[in-house]
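Since the structure is predicted, the reported quantities are computational estimates derived from the model, not experimental observations. All residue numbers refer to positions in the sequence shown, counting from 1.
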Amino acid sequence: MVTSENITEQWAVAKPAVHSRGGLVATNHYEASEIGAEVLRAGGNAVDAAVATGFAMAVTYPPAGNLCCGRFMMNHVANGHEGLATASP
């Protein structure tokens, strides 16, 4: 519950359960999530899906999906000897 001097709001958030065997993509817009999931189904990796999802978010929810700023990613390669950490301002 959010309360201020003049406003009281009750928020109820209900999202459907998601099940996955090969990866998961979560955004605030179902179409952007589906685009990222489709990349995974087609054999892409998590970075491929993240890039596709970012482009989709630029269309479906522009305030969260700009392509230049506020991104952070850590990637661990399966062989255990490589890693990547990136951030943008």
**Separation between CG of Leu40 and CG of Asn45, rounded to the nearest 0.5 Å** = 8.0 Å
**Prompt:** Who are the side-chain hydrogen bond (donor to acceptor under 3.5 Å, both in side chains) partners of Ser33, not counting sequence neighbours?
**Reply:** Thr27
**Request:** For Glu34, check side-chain hydrogen bond (donor to acceptor under 3.5 Å, both in side chains) against everything at least two apart and list the hits.
**Result:** Arg41
**Prompt:** Can you name the closest pair of heavy atoms from Asp48 and Gly44 and give their distance?
**Reply:** OD2-CA, 3.4 Å
**Request:** Would you check if Glu31 and Val59 make a side-chain contact, meaning some heavy-atom pair closer than 4.5 Å?
**Result:** no
**Fill in**
What one should report as the nearest heavy-atom pair of Ile35 and Ala56 is CD1-CB, 3.6 Å
**Complete:** residues 50-59 vs salt bridge (Lys or Arg N to Asp or Glu O under 4.0 Å), sequence neighbours excluded, gives none
